[in-house]
J.: 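If you scroll down you'll find the structure; I have some questions about it.
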Amino acid sequence: MVERSFVNCPFNQYSFMFHSKIAGIGKYVPKNVVTNHDLQKYMDTNDEWIQERTGIQQRRFADRVGETTTTMGVEAAKIAIERAGTTAAEIDFIVFATLSPDYYFPGCGVLVQRALKMKEIGALDVRNQCSGFLYALSVADQFIKTGMYRNILVIGSEKHSFGLDMSTRGRNISVIFGDGAGAVVLQPTIEEEQGILSTHLHSDGNHAEILAMYNPGTHGNHWTEKKLADFNEAEISDMFMSHSMIEKGQNFPYMDGPAVFKTAVVKFPEVVMEALNQHGLKPSDIDLLVPHQANLRISQFIQQHLGLGKEKIYNNIQKYGNTTAASIPIALCEAWEENRIKKGDLVCLAAFGSGFTWASALIRW
Ligand code: ACO
């Protein structure tokens, strides 16, 4: 019998490839519930507008101090690791997806490695916003398939509440975001029909600035098309972060919501169909579609466009808002905990967001 040593083995050592399967899944949401009515204390908004345009009723906000993107990721990871029947010491690699890291650098992956007292394993941070978890899952899937690693921790976590413009100026974006974390442990399986069947990743950077946080950054305002000669000395020395950037709210996310919406409703079904077509499958073969929770109206559009029954799509944006890189693993975990996913089910994950980036994954559970 072949002695299987997964770690650091070249991919051509075996005549077969492993599939990766989700061996364990966990989620963590902060205890602090913030309703739409609560937001009215800070900005000119109302429950009716938010529910009608987004479906969101409430979201969770992390504690201002003590609870971070990393600590929430760690809590979700502990559950995923236990459910995978392994230990933190057995994890070979970490992939961490977030747009709201504890620090500008280093990334959150190393902070997880430290917090869970793991071996000196590799830790990679992924910055693909709403598609971040699917990009992270895809990277981990490749490492499992080649036989390089056998226990990979993939985390999506966000602490949006710390970086939102809570005044009326930021209301079109601040009302949609919430905090939370989800995590999975990927392990190899040699069962042909089980695990991640394929992942599909896309980007179109032409729209980078319509959903972005501009500062701090190293772009030096090049996207404004202003010439260097048009800047005064003080502006040049303050290009990374200045009072004027803060006054203009450029340290908060900016989004042209309607433009993002229009592209999202095209790209979501497209990337789901791409995944199905690769395997000769149809929308009716999907047992559960778990889309990134961006807006309930977007999810309902995808459901109708693909001709899926309501029971075939999972939505929990009503409770948690848009938690960006965390939204898919939180929703997947909750669906699994509610027995909405059984062994053998075909589960499709799909995301679209800032970049633009979009992605899907097809999984036989
Ligand atoms: N409360 C009350 N009124 C508001 C609010 C609010 N919170 N926000 C905006 N409005 C007002 C606007 O000022 C505007 O008023 P006006 O007509 O008098 O000018 C009106 O409501 C309509 O504003 P729109 O921005 O056109 O509203 P829309 O119907 O497009 O909904 C939303 C906004 C919910 C953001 C929607 O555009 C959307 O969901 N877009 C896609 C979001 C998405 O998918 N993002 C990707 C993931 S996020 C990521 O990647 C980080």
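Numbering starts at 1 and runs along the sequence shown. Computed from a predicted structure; not experimentally measured. Each ligand, and each atom within it, is numbered from 1 in the order the structure gives.
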J.: Mind checking what makes side chain to side chain donor-acceptor pair (under 3.5 Å) contact with D63, not counting sequence neighbours?
T.: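 Partners of D63 under the side chain to side chain donor-acceptor pair (under 3.5 Å) test: K31.
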J.: Got the closest protein heavy atom to atom 29 (O) of ligand 1, with its distance?
T.: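 Protein heavy atom with the smallest distance to atom 29 (O) of ligand 1: R53 NH1, 2.7 Å.
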J.: With a 4.0 Å cut-off on heavy atoms, does I50 reach ligand 1?
T.: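 Under 4.0 Å: no for I50.
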J.: Judged on heavy-atom distance to atom 34 (C) of ligand 1, which of T54, N46, L99 sits nearest?
T.: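 Going through T54, N46, L99 one by one, T54 has the nearest heavy atom to atom 34 (C) of ligand 1.
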J.: Among all protein heavy atoms, pick out the one at the shortest distance from atom 1 (N) of ligand 1; state its residue, atom name and that distance to 0.1 Å.
T.: T45 OG1, 2.7 Å
J.: Are any of the protein's heavy atoms under 4.0 angstrom from atom 18 (O) of ligand 1, yes or no?
T.: no
J.: Given side chains that start at C-beta, do those of V110 and V112 come closer than 4.5 Å, heavy atoms only?
T.: no
J.: Tell me: protein heavy atom nearest atom 50 (O) of ligand 1, and distance?
T.: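 The closest heavy atom on the protein side is C130 SG, 2.6 Å.
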J.: Counting non-hydrogen protein atoms only, what is the nearest one to atom 43 (C) of ligand 1? Give residue, atom name and distance.
T.: V260 CG1, 3.6 Å
J.: Is any side-chain heavy atom of S244 less than 4.5 Å from a side-chain heavy atom of K248?
T.: yes
J.: Counting heavy atoms only, name the option from R171, Q129, Q293, R297 that's nearest to atom 11 (C) of ligand 1.
T.: R171
J.: Less than 4.0 Å is my threshold; does some heavy atom of A264 fall inside it relative to ligand 1?
T.: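 Flag not set, A264 not near ligand 1.
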J.: Protein non-hydrogen atoms only, distance under 4.0 Å: does atom 13 (O) of ligand 1 have such a neighbour?
T.: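 Within 4.0 Å: yes, protein heavy atom nearby.
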J.: Would you check whether T324 has a nitrogen or oxygen atom less than 3.5 angstrom from a nitrogen or oxygen atom of ligand 1?
T.: no
J.: Check L211 against ligand 1 and report side chain, backbone, both or neither, counting heavy atoms closer than 4.0 Å.
T.: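 Under 4.0 Å from ligand 1, L211 contributes side-chain atoms alone.
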J.: How close do D179 and F61 get, counting heavy atoms only, and between which atoms?
T.: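 Heavy-atom minimum between the residues: OD2-CA, 3.4 Å.
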J.: Counting heavy atoms only, which part of M255 comes closer than 4.0 Å to ligand 1: side chain, backbone, both or neither?
T.: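 For M255, only side-chain atoms sit under 4.0 Å from ligand 1.
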J.: For ligand 1, note which part of W49 has a heavy atom under 4.0 Å away: side chain, backbone, both or neither.
T.: side chain
J.: Determine whether the side chain, the backbone, both or neither of N295 has a heavy atom under 4.0 Å from any heavy atom of ligand 1.
T.: side chain
J.: Could you tell me which atoms of ligand 1, counted from 1 in the order shown, lie closer than 4.0 angstrom to a heavy atom of A294?
T.: 44 (O)
J.: Tell me which part of I173 gets within contact of ligand 1: side chain, backbone, both or neither, using heavy atoms under 4.0 Å.
T.: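 Contact part for I173 vs ligand 1: neither.
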J.: Protein heavy-atom contact under 4.0 Å for atom 3 (N) of ligand 1?
T.: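 Yes, because at least one protein heavy atom sits under 4.0 Å from atom 3 (N) of ligand 1.
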J.: Compute the ring centroids of Y104 and F240, then answer whether they are less than 6.0 Å apart.
T.: yes
J.: Without swapping roles, check the side chain of Q293 against the backbone of P291 for a donor-acceptor pair under 3.5 Å.
T.: yes
J.: Output the list of atoms in ligand 1 that are nearer than 4.0 Å to some heavy atom of G353, sorted by atom number.
T.: 50 (O)
J.: For residues I317 and R59, determine if any side-chain heavy atom of one lies less than 4.5 Å from a side-chain heavy atom of the other.
T.: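 The answer is no, as the side chains (C-beta and beyond) never meet within the 4.5 Å cut-off.
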J.: Of the choices P258, G257, S100, which has the non-hydrogen atom that lies closest to atom 25 (O) of ligand 1?
T.: P258
J.: Applying a 4.0 Å heavy-atom criterion (strictly less than), which segment of V175 is in contact with ligand 1: side chain, backbone, both, or neither?
T.: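 Side chain only.
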J.: Does V271 offer a backbone N or O that forms a donor-acceptor pair with the side chain of S360 under 3.5 Å?
T.: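 Side chain of S360 to backbone of V271, a donor-acceptor pair under 3.5 Å: yes, one is there.
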